[in-house]
Number of protein chains: 2
Amino acid sequence: MERDKVSIYRIAEEAGVSPATVSRVLTQKANVSDEKKKKVEKLISKYHFSPNAMARGLTSSRSGIIGVLIPDIRNPFYAGLAVECEQAAHDRDYSLMLSNYMNDMELEEQRLYKMISQQIDALIIMGGRVDELITDEVYAERINHISKLMPVVITGKLDGSDCYQVNLDNSEAIDRIMEYLISNGHHDICMIGGRKEVDSTYTKRTRYRSMLHRHGIEFCPDYLVETGDYSMESGYRGMNSLIESTRKLPSAVIAINDLTALGIIQSLREHSIGIPEDISLVSFDNTILAETSVPRLTSMDYNYDQYGKTLIDTALAVLEGGKPQKIQIIPTELIIRDSCRSLNKGI
Amino acid sequence: MERDKVSIYRIAEEAGVSPATVSRVLTQKANVSDEKKKKVEKLISKYHFSPNAMARGLTSSRSGIIGVLIPDIRNPFYAGLAVECEQAAHDRDYSLMLSNYMNDMELEEQRLYKMISQQIDALIIMGGRVDELITDEVYAERINHISKLMPVVITGKLDGSDCYQVNLDNSEAIDRIMEYLISNGHHDICMIGGRKEVDSTYTKRTRYRSMLHRHGIEFCPDYLVETGDYSMESGYRGMNSLIESTRKLPSAVIAINDLTALGIIQSLREHSIGIPEDISLVSFDNTILAETSVPRLTSMDYNYDQYGKTLIDTALAVLEGGKPQKIQIIPTELIIRDSCRSLNKGI
DNA sequence: GTGAAAGCGCTAACAG
DNA sequence: CTGTTAGCGCTTTCAC
């Protein structure tokens, strides 16, 4: 397969100028006479020429590519975020290189080093080990090493590392959900799903308890259902076990995310428990699943647009020598749909 | 931000050999004495060194990146396919560069040329204009031009172009669904969703009619509901209009994809029509939505693994000078879940 | 088996 | 304002 042999030399020759001049009109960094500029631009558009990014990168030691390490793009949460990142990157004339690591540590490492050898200019790490409550020290050290080579921005936390963090406001998220439920007359509130070693889940559970306390509601251990993960199946399992084990069903259930909520819906349906007539359901992430489920889910939305943009902008700011804030927080907003009802005044 | 300055020169110096020798152990293409080889390998792993892909690419005119133009990664169908492609690419030691074009022609062009300037080695185009029944000639010409520079593999068709095609077996897919429904006693079968100018939809509709004919079932125009797109909302709209306009409801509905099926479910629910008690529902694509919906959808699955692998392998085969088949077909399999019932023997 | 040297396409001094 | 020149880091002849 023959590559196109158009280069600045070819353009230069046909335009009767030097390669440097062509480069100058390409980079727009130096002045070129109108006459030559026009000639060159004509050739450029004639050949649909765009400079070889590898050659360019060799001199500038910039590839124009931002690497993104992502758990699984099939998860609607990450898919949405990835799209926003791509948008933000392209706005700044950068390309994105996505790598799914499928929660496989070995795969993560492989893909990471592959991206580094592709000379990515910056790295964004989502989920996985940067979400753990207790940082893996070996991992932190490795990431630290990388963050000496390029900007590293993560969506979670990594103790003792130099990474920049952009985090969802998990505290605000759970507080708002609790306030919403309580103000609608719910007292028996249950929380299903997740793994306690995950930072965001830990935060949610802690605030859940303190919100109960603040409103004078006694904490019931049965109502905090650990399932170990974030899948639909885990929601199904968690809800089933709650129904079987408890004497008194809660009036409201908080699912750790939309996928888990779908499993909860399935369990409730099989037990002929109506949503929201018998039990109200809220969840986190406001993915497409919240919109497509029956009933449509009331779910905690984040400003995904801002999230993606902040991730990219932070990486590029560091790349350009800036000093953005080490931790930035993305705001939340509860999207109210059809899965919750009010217990007040018999509505 | 300082890049790591480790290069083959540094390795060479420390190992007391020439840069060429380091290159030789890196590429494994020439013989190097065991002694020197070991020395070099030690340094390589000491520094976690991996050669600069841009420099390498400059000489080999290969970037090791395959570009993928995709409509929207948030669509579970494309997300699943992208994951398979990534897997297949990494197995061959290639990276993937994904670009979402959001069904925006202008964006598609921008991202395409951006990827070309990033020196992608091959291009895979999914959906969008390569799915159109009637090829846009200007577009075909552009793609043709690109396919002179690099292998281009598409998931649809493009008349008069040199692209390689990897297609789902849409004929088999609709045939199997029709046979399944008819063998379960369904005669009044309706098909909802899509746009007739889309190649795969056109095929499905044509075969739908000929299957009816073959089984001596009269074609009812009301039962072919064009909605113009593939969204959930379109299914909702299509089903609503069918319910309002027809005297006799069908016993089975075929949705053009899972998303459309979800809209149909919502419409049926609002009309208190039970699935599958009153109406059976089948759809295409077998995405995660088929598994997470209530009831779980009977849906046409494709061998996504093979699909992704074939896409990548075809591109790389062409790149290496091979001559794969111009058109390759991916088989289908109906996954039976809870959304259809049999009308036979009063089951 | 191994080193020296040229060159991939581009940018960035450096002269003029 | 513009041409010449020297690399960027790697692979690949070509001698030895």
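Residue numbers start from 1 in every chain, and the chains themselves are labelled A, B, ... in the order their sequence lines are given, proteins ahead of strands. The structure displayed is predicted, hence computed values, not measured ones.
Mapping A/Val22 and B/Thr21 onto DNA chain C via the closest heavy atom, the residue that lands nearer the 5' end is B/Thr21.
With sequence neighbours excluded, the residues satisfying salt bridge (Lys or Arg N to Asp or Glu O under 4.0 Å) with B/Arg129 are B/Glu108.
Atom CD1 in A/Ile11 sits about 12 Å away from atom P in C/dT11, given to the nearest Å. A/Lys37 places its NZ atom 10 Å from the P atom of D/dC1, with the value rounded to the nearest Å. For B/Asp34 and C/dG1, the CG to C1' distance is 12 Å, given to the nearest whole Å. Between the CD atom of A/Gln28 and the P atom of C/dC10 there is a distance of 16 Å, given to the nearest Å. In this structure, B/Ile44 places its CD1 atom 10 Å from P of D/dC10, rounding to the nearest Å. Between the NZ atom of A/Lys29 and the P atom of D/dT2 there is a distance of 19 Å, rounded to whole Å. Atom CZ in A/Phe49 sits about 9 Å away from atom C1' in C/dC10, given to the nearest Å. Atom CZ of B/Arg62 is separated from atom C1' of C/dC8 by 14 Å (rounded to the nearest Å).
Here the side chain of B/Ala20 is nearest to one of D/dC10, C/dC8, C/dA5, namely C/dA5. For A/Ile8, the listed nucleotide lying nearest its side chain is C/dC10; candidates were D/dT4, D/dT2, C/dC10. Of the candidates C/dA13, C/dG3, D/dT11, the closest approach to any side-chain atom of A/Arg24 belongs to C/dA13. Taking every side-chain heavy atom of B/Asn52 into account, D/dG9 is the closest of D/dG9, D/dT11, C/dT11. Checked against D/dC1, D/dC10, C/dG9, the side chain of B/Arg56 finds its nearest nucleotide in D/dC10.
Residue B/Ile312 is tested with B/Thr310, B/Thr314, B/Leu316 for a side-chain contact (heavy atoms from CB on, under 4.5 Å); the sole match is B/Leu316.
Residue contacts shown for A/Ser7 are limited to sugar-phosphate atoms, with no base heavy atom under 4.0 Å away.
Not one side-chain nitrogen or oxygen of A/Ser18 sits closer than 4.0 Å to the OP1 or OP2 atom of D/dT4. Contact check, A/Thr59 against C/dC10: no side-chain N or O comes under 4.0 Å of OP1 or OP2. For the OP1/OP2 pair of C/dC10 and a distance below 4.0 Å, the side-chain nitrogens and oxygens of A/Thr27 include no atom meeting the criterion. Using a 4.0 Å cut-off, no side-chain N or O of A/Lys36 falls inside it from OP1 or OP2 of D/dC1.
You'll find the side chain of A/Arg74 stays beyond 4.5 Å of the side chain of B/Pro76, heavy atoms only. Between B/Met115 and B/Ile65 there is no side-chain heavy-atom pair separated by less than 4.5 Å. Here the side chains of A/Leu26 and A/Phe49 are in contact, with some heavy-atom distance below 4.5 Å.
Checked by distance alone, A/Arg10 brings no side-chain donor or acceptor within 3.5 Å of a matching partner on the base of C/dG9.
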